[in-house]
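First listed ligand is number 1; within each ligand, the first listed atom is number 1.
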Amino acid sequence: MCGIVGILGTHEVAPLILESLKRLEYRGYDSAGIATVNDGRLDRRRAMGKLINLSDLLVHEPLPGRAGIGHTRWATHGAPSVRNAHPHRAGRVSVVHNGIIENFRELREELAAQGLVQESDTDTETVAILANYYLSQGATPQEAAEKTLARLHGAYALLFLFEGEDDLMIAARKGSPLAIGHGDGEMFVGSDAIALAPLTDRITYLEEGDWASVTRAGAQIHDIEGRLANRPARRIQIDATQVDKGGYRHFMAKEIAEQPTRLTSALDHYLSGDGTFRLPSPGLDFATMDRLTMVACGTASYACLVAKYWFEQIAGLPVDVDVASEFRYREPPIPPRTTALFVSQSGETADTLAALRYCQGKADRIVSVVNVAESSIARESDLALPILAGPEIGVASTKAFSCQLLVLGLLALEAARQRGRLDAAAHAGALDALRQLPGLVNHSLGIGEPAARIAQQLAEARDILFLGRGRMYPLALEGALKLKEISYIHAEAYASGELKHGPIALVDKAVPVIVMAPHDELFDKTVSNMQEVMARGGQVLLITDREGAKAAGQGVWETLVMPDVAPLWAPILYAVPAQLLA
Ligand code: M6R
């Protein structure tokens, strides 16, 4: 994923674009660049690595102009390098792009046969060359963009800037979101509303296949058939404090710390004072549901895996969980009385959206659990349930994961109630325990110091294993994902009982093993697996509660002691140490 921004402003735009790119750095950070048009002259600056490098470059080589586009990149085609960094330029056209142009090789060969050879390894430069080719054939910028878009297969959010055009950007969306922001004599385009938050709160979301000709006077939007389309602007509420670091070193730290507040917001949204679960009408009929099919990617898919335990154990509802990138191509049959549920923080993950579209017309109901309420996944669902985590800007999903779990936990409880699997007292008890979560998560943030000390030592390891059993197995998966993504340390997760079926061969004193095990009904079994690890010289970090530490803390390398929590909801609490260690 990459982040893109465009501004037609009344002042110099490079500093504003840089600020907006900082709010999109969660989408990619291996290179960045800005192009502007200044008195008709197109120019650009690009730098490797984080935005600070681009910022330094701009100090030495300023980029004047009141019209510009910018990009922060996560490499897909072509290694991270200045040559492959966006904006790409061909003659009179500069382009930034998020997505993948699937037919770029054919196009590149076709253009090369005409002597139009590209410098970079990217699919995006091909787009720029093609648009410039149409310009050279006498097309207007709008015609050149439209003809170019008609040739592209794949997914894109694209922004074009043209030499000689100080008051024009062309934006296009297919498969990747794009928001147009309306200012006072200024116009903005961004990958999401967060990027534009301090600049404007009046946003128009482009729909699938739309392209827009944007000038300072407004945006003329065309739909996928090329017809003029009326896409109303909406006011989006994004509090400016939600999109700055608020004194934390990075967004991930801020978002980890925000979890108690965010969980409280979600509880307040879904529960009335008497504990009744509030869903928008017509709600969900779990009593007649035969199966729940849950689909997501990455961390969101681990939230689904935890929820599978909940729905099956407390509501007796069969659940399938699949990663969207597999599900969408497998053409799975969807049996009658199946509800399909999609979980996504952004609501724009291409594979999850494609899986949702596959289920439309096949499943009884399409439900989503999303953070971004205006997202494609939310809009295309029959019922979209917000998780109320607030903007998640850090690359790693943290507060979105815990809020996804909370909403899924509430749904599982509601399913159990409707299916008559929990009597009133058990239901009230489970709900009460869930209400304790914000306080417990707050308390658990207190392990920050020991976690930091342990992390210093873990940082030396080349490989780390995570173990968990039952509801804690998906947490082990999440811990390993966080570590890979944030610390670049190789980590794998296993269901504790699987260790002896091969992976135990990896264990020696150089491979720390992190065991996530509250003192629950499966604790003793996990401890046996832990003993097997220690018998092979493995260094165990045990993450458990007081009872667990008392029962099994001897002989382990380190113990992190978590607050006591109802075992059912332990996965929500144990997300915190996984995040802090990473
Ligand atoms: O926006 P989504 O929840 O659909 O994103 C899915 C995954 O890409 C995401 O959870 C990813 O795994 C996280 N960045 C991991 O921390």
*Can you tell which of K484, Q404, Q345, Q579 gets a heavy atom nearest to atom 3 (O) of ligand 1?*
Q345
*What atoms of ligand 1 come within less than 4.0 Å of a heavy atom belonging to K482?*
15 (C), 16 (O)
_For a quick test of reading the model, state the closest non-hydrogen atom pair linking R278 to L271 and the distance between them._
NH2-O, 3.2 Å
*Is there a donor-acceptor pair closer than 3.5 Å between any side-chain N or O of R235 and the backbone N or O of R202?*
no
_For A300, the ligand 1 atoms whose distance to one of its heavy atoms is below 4.0 Å_ = 3 (O), 10 (O)
_Any atom of ligand 1 sitting under 4.0 Å from a heavy atom of E348?_
no
*Looking at A396, which atoms of ligand 1 are within less than 4.0 Å of one of its heavy atoms?*
16 (O)
*Honestly, is K308 close enough over F311, meaning NZ or CZ under 6.0 Å from the six-membered ring centre and within 45° of the axis?*
no
*Are the side chains of T339 and T293 in touch, meaning some heavy atoms are under 4.5 Å apart?*
no
*Flag the pair E380 and R357 as a salt bridge only when some basic side-chain nitrogen lies within less than 4.0 angstrom of an acidic carboxylate oxygen.*
yes
_Subset of ligand 1 atoms that lie under 4.0 Å from at least one heavy atom of V395_ = 14 (N)
*To the nearest 0.1 Å, how far is atom 11 (C) of ligand 1 from its closest protein heavy atom, and which atom is that?*
T299 N, 4.1 Å
_atom 16 (O) of ligand 1: the protein heavy-atom neighbour that sits closest, reported with distance to 0.1 Å_ = E485 OE1, 2.5 Å
*Relative to the heavy atoms of G298, which atoms of ligand 1 are at a distance of less than 4.0 Å?*
12 (O)
*Going by the order shown, which atoms of ligand 1 are within less than 4.0 Å of some heavy atom of S346?*
1 (O), 2 (P), 4 (O)
*Considering only protein heavy atoms, which is closest to atom 5 (O) of ligand 1, and at what distance to one decimal place?*
T349 OG1, 3.4 Å
*Heavy-atom pair of closest approach, residues A179 and A193*: CB-N, 4.3 Å
*Is atom 8 (O) of ligand 1 in close reach of the protein, with a heavy atom under 4.0 Å away?*
no
_Test of ring centre spacing under 6.0 Å for F466 and Y494_ = no
*How far apart are the closest heavy atoms of I387 and A400, and which atoms are they?*
CD1-O, 3.6 Å
_Give me the residue, atom name and distance of the protein heavy atom closest to atom 6 (C) of ligand 1._
C297 O, 3.4 Å
*Give a yes or no on whether the backbone of D121 and the side-chain of N84 come within a donor-acceptor separation of less than 3.5 Å.*
yes
